[in-house]
Engineer: 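Below is the structure I would like to discuss, written out as structure tokens.
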Number of protein chains: 2
Amino acid sequence: MSNKQLLLIDDDTELTELLSQYLAPQGYELDIAHDGEAGIAQATSGKHYDLILLDVMLPKLDGFEVLKKLRVTHLTPILMLTAKGDDLDKILGLEMGADDYLAKPFNHRELSARIKALVRRMSLLPATSVQQNLKLDDVELSPASQQVFCNGNLLELTGTEYSILHLLMLNHGNLVSKEEISEKVLGRKLAPFDRSIDMHVSNLRKKLAEFNSSEKIKTHRGAGYLYLVEA
Amino acid sequence: MSNKQLLLIDDDTELTELLSQYLAPQGYELDIAHDGEAGIAQATSGKHYDLILLDVMLPKLDGFEVLKKLRVTHLTPILMLTAKGDDLDKILGLEMGADDYLAKPFNHRELSARIKALVRRMSLLPATSVQQNLKLDDVELSPASQQVFCNGNLLELTGTEYSILHLLMLNHGNLVSKEEISEKVLGRKLAPFDRSIDMHVSNLRKKLAEFNSSEKIKTHRGAGYLYLVEA
DNA sequence: CCTCTATTTACAAAAGCTTTACACTCTCTT
DNA sequence: AAGAGAGTGTAAAGCTTTTGTAAATAGAGG
């Protein structure tokens, strides 16, 4: 699995630099915002963050304000950092929706351990499959399970066959060149005399034909393949 | 919402008494164990706990030992308490799987805020991931007691087998890659030529097959495993 | 030392991808 | 209109990678 994405919102450039270097080798990628507004902008930019590290003392918008605004729309775990060791601050932050609270100056290893604990806990969430099924006429393809159904029958496709069908169905009504198929599905440039794609398409047609009368994949000689949809 | 169930493992009767009275009006029901062994017994009794408060200094079995044992089988959030304010202790506890760590003497309101934050965060996870039983066709998995029944027969699964089955069942109908299994269940990146997962799946299938005719775990060559549910 | 698990090793088997071979088709050329 | 040449369909063979699983090994816990 890929690295964990963190967002650090803190105006202390020395600290952000330090943490960035400290956390990188542990498998974290750190984005940095130096004030509250920039922090919110980044957090709501659409990029997914596994965890947000939020300083309390911030220019423009303080940490509590940022926390309050973010919590309206985002459930990303938030670990707050503060210069003050004030208990009331901690309590307030946690009550307002922060997941953890660490007072500066902190032991780097403790921060790292707390980040790890939070990310670990969150990773228990089942991988949300936001991908929805792709259905054209009587063929339905499910990216989540990598299964394809034709008139309700499960097709036993290989990985490559599935990928080619997926690509063609995504581009239904449009011509897809062999070059494109080769690069996107097989991950290599199409070489002269390479017949692999032809073979996969042939097998795919054979399997589709078991449960389907009409020919879905049309050949455009010298150009590529086309997935047909009924008018 | 009904009251939250907490388990407090601490030998200081004065403190347990005090906390019990302090937390009750806030909607928490507190069970108490006064030593490590009793704590484990209670935690694994089958009763569901939303959170476990665990002291480090304990008779019979210290807090770290209890943590280690519980984490083999249970994902219940654990907040550790310690008399020592030692950073290393905190780090160790968090690395070993605790979710939070608070040094004694603590501000009661901070404890309450941290409990609240953890419970709040856990309630965002799908209930099935840590508490509710998960039943798919003739296989039923109980997270609280760590048991799996197949057509009413108890399966003798190892911890790892249980975790893999749990992960697959949580994601039933979705492909789960070996990388994900390795990271979530074994806690390490999948190395090339690592056959551990294959072995666990193989054993799991063998045990499931004892009481079950249909194959539940389908291999998607080069992609991962898929837990099947009947249409 | 014994037991229970997890991991590694080793090898067989299976599955999938590519290549080969040849028939066929389309298009362009003469 | 026939022939040449390139592109395509597909069966079959060959090769590689991945998987299943038994057995050996390593390790933790008692």
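Protein chains get the first letters and strands the later ones, always in sequence-line order, with residue 1 at the start of each.
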Engineer: Can you tell me how far P of C:dT19 sits from CE of A:Met199, to the nearest Å?
Structural biologist: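 One finds 12 Å between P of C:dT19 and CE of A:Met199, rounded.
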Engineer: What is the distance, to the nearest angstrom, from the CD atom on B:Glu156 to the C1' atom on C:dT3?
Structural biologist: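 Result: 15 Å.
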Engineer: Compare side-chain N and O positions of B:Lys69 against OP1 and OP2 of D:dG29 and report whether any pair is under 4.0 Å apart.
Structural biologist: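 Answer is no, no contact under 4.0 Å.
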Engineer: Salt-bridge test for B:Lys178 and B:Asp194: reply yes if a basic N is under 4.0 Å from a carboxylate O, no otherwise.
Structural biologist: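 Result for this pair is no, no salt bridge flagged.
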Engineer: Would you classify B:Ser196 as touching base, sugar-phosphate or nothing, given that sugar-phosphate means primed atoms plus P, OP1 and OP2, and contacts are heavy atoms under 4.0 Å?
Structural biologist: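 The answer is base, as B:Ser196 lies within the cut-off (heavy atoms under 4.0 Å) of a base atom.
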Engineer: Look at B:Ser202 and D:dT19 and indicate whether a side-chain polar atom (N or O) is within less than 4.0 Å of OP1 or OP2.
Structural biologist: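 Answer no for this pair, as no side-chain N or O of B:Ser202 is under 4.0 Å from OP1 or OP2.
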Engineer: State whether the distance check finds a donor on one side and an acceptor on the other, under 3.5 Å, for side chain A:Arg205 versus base D:dG9.
Structural biologist: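 Answer is no: no donor-acceptor pair is held.
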Engineer: Got A:Pro143 and A:Asn133 here, is their nearest side-chain heavy-atom distance under 4.5 Å?
Structural biologist: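 A:Pro143 reaches A:Asn133 side chain to side chain.
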Engineer: Return the 5'-most residue of the pair B:Glu65, B:Val201 with respect to DNA chain D, ranking by each residue's nearest nucleotide.
Structural biologist: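 The residue closer to the strand's 5' end, by nearest nucleotide, is B:Val201.
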Engineer: A:Tyr225 side chain N/O closer than 4.0 Å to the phosphate oxygens (OP1, OP2) of D:dG7?
Structural biologist: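 Negative; the distance criterion is not met.
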Engineer: Without decimals, in angstroms, what is the distance between A:Glu215 CD and D:dT8 P?
Structural biologist: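 The distance from CD of A:Glu215 to P of D:dT8 comes to 15 Å, rounded to the nearest Å.
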Engineer: B:Asn203 or B:Gly224: which one's nearest nucleotide on DNA chain D is closer to the 5' end?
Structural biologist: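 This one resolves to B:Gly224.
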Engineer: Is any side-chain nitrogen or oxygen of B:Lys206 closer than 4.0 Å to OP1 or OP2 of D:dG20?
Structural biologist: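 Checking B:Lys206 against D:dG20: no side-chain N or O falls below 4.0 Å of OP1 or OP2.
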Engineer: Do B:Tyr101 and A:Arg114 have side chains that get closer than 4.5 Å, going by heavy atoms?
Structural biologist: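 When only atoms from C-beta onward are counted, A:Arg114 and B:Tyr101 do touch, with a gap below 4.5 Å.
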Engineer: Please give, in whole Å, the distance from C:dT5 P to B:Glu161 CD?
Structural biologist: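 Taking CD of B:Glu161 and P of C:dT5, I get 8 Å after rounding.
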Engineer: Would you say A:Thr158 reaches C:dC17's phosphate, i.e. side-chain N/O to OP1/OP2 under 4.0 Å?
Structural biologist: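 Checking C:dC17 against A:Thr158, a side-chain N or O does come within under 4.0 Å of OP1 or OP2.
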Engineer: Using atom CD1 of B:Ile197 as one end and atom C1' of D:dT21 as the other, report the distance to the nearest whole Å.
Structural biologist: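 Taking CD1 of B:Ile197 and C1' of D:dT21, I get 16 Å after rounding.
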Engineer: Quick check: any donor-acceptor pair below 3.5 Å linking the side-chain of B:Arg221 to the base of D:dT19?
Structural biologist: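 Check fails, no donor-acceptor contact within cut-off.
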Engineer: Could you check how far CG of A:Leu204 sits from P of D:dT8, rounded to whole Å?
Structural biologist: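 A:Leu204 atom CG is separated from D:dT8 atom P by 17 Å.
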Engineer: Give A:Asp194 one of three labels, base, sugar-phosphate or nothing, depending on what nucleic acid heavy atoms sit under 4.0 Å from its own.
Structural biologist: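 Touches sugar-phosphate only.
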Engineer: At under 4.0 Å between heavy atoms, what does B:Thr160 touch on the DNA or RNA strands: base, sugar-phosphate, or nothing?
Structural biologist: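 B:Thr160: backbone/sugar contact only, no base atoms under 4.0 Å.
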Engineer: Check this one for me: any side-chain N or O of B:His220 less than 4.0 Å away from OP1 or OP2 of C:dA15?
Structural biologist: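 Looking at the OP1 and OP2 atoms of C:dA15, neither is under 4.0 Å from any side-chain N or O of B:His220.
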Engineer: Applying a 4.0 Å non-hydrogen cut-off, can you work out what A:Tyr162 is touching in the nucleic acid: base, sugar-phosphate, or nothing?
Structural biologist: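 Since no nucleic acid heavy atom lies under 4.0 Å of A:Tyr162, the category is nothing.
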Engineer: When the nearest nucleotide of DNA chain C is assigned to A:Arg195 and to A:Leu186 on a heavy-atom basis, which residue is associated with the more 5' position?
Structural biologist: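 By nearest-heavy-atom nucleotide position, the 5'-most residue is A:Leu186.
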Engineer: When the distance from CG of B:Leu61 to P of D:dG29 is rounded to whole Å, what number comes out?
Structural biologist: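 Between P of D:dG29 and CG of B:Leu61: 11 Å.
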Engineer: Is there a side-chain contact between B:Leu165 and B:Tyr227 (heavy atoms, below 4.5 Å)?
Structural biologist: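 With C-beta onward as the side chain, the pair touches.
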Engineer: What's the CD1-C1' distance between B:Ile217 and D:dT19, to the nearest Å?
Structural biologist: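 Roughly 14 Å, once rounded to whole Å.
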Engineer: Are the charged groups of B:Glu65 and B:Lys69 less than 4.0 angstrom apart, N to O?
Structural biologist: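 Looking at B:Glu65 and B:Lys69, the cut-off is not met.
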Engineer: Is any side-chain N of the basic residue among A:Asp100 and B:Arg121 closer than 4.0 Å to the acidic one's carboxylate O?
Structural biologist: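 Result for this pair is no, no salt bridge flagged.
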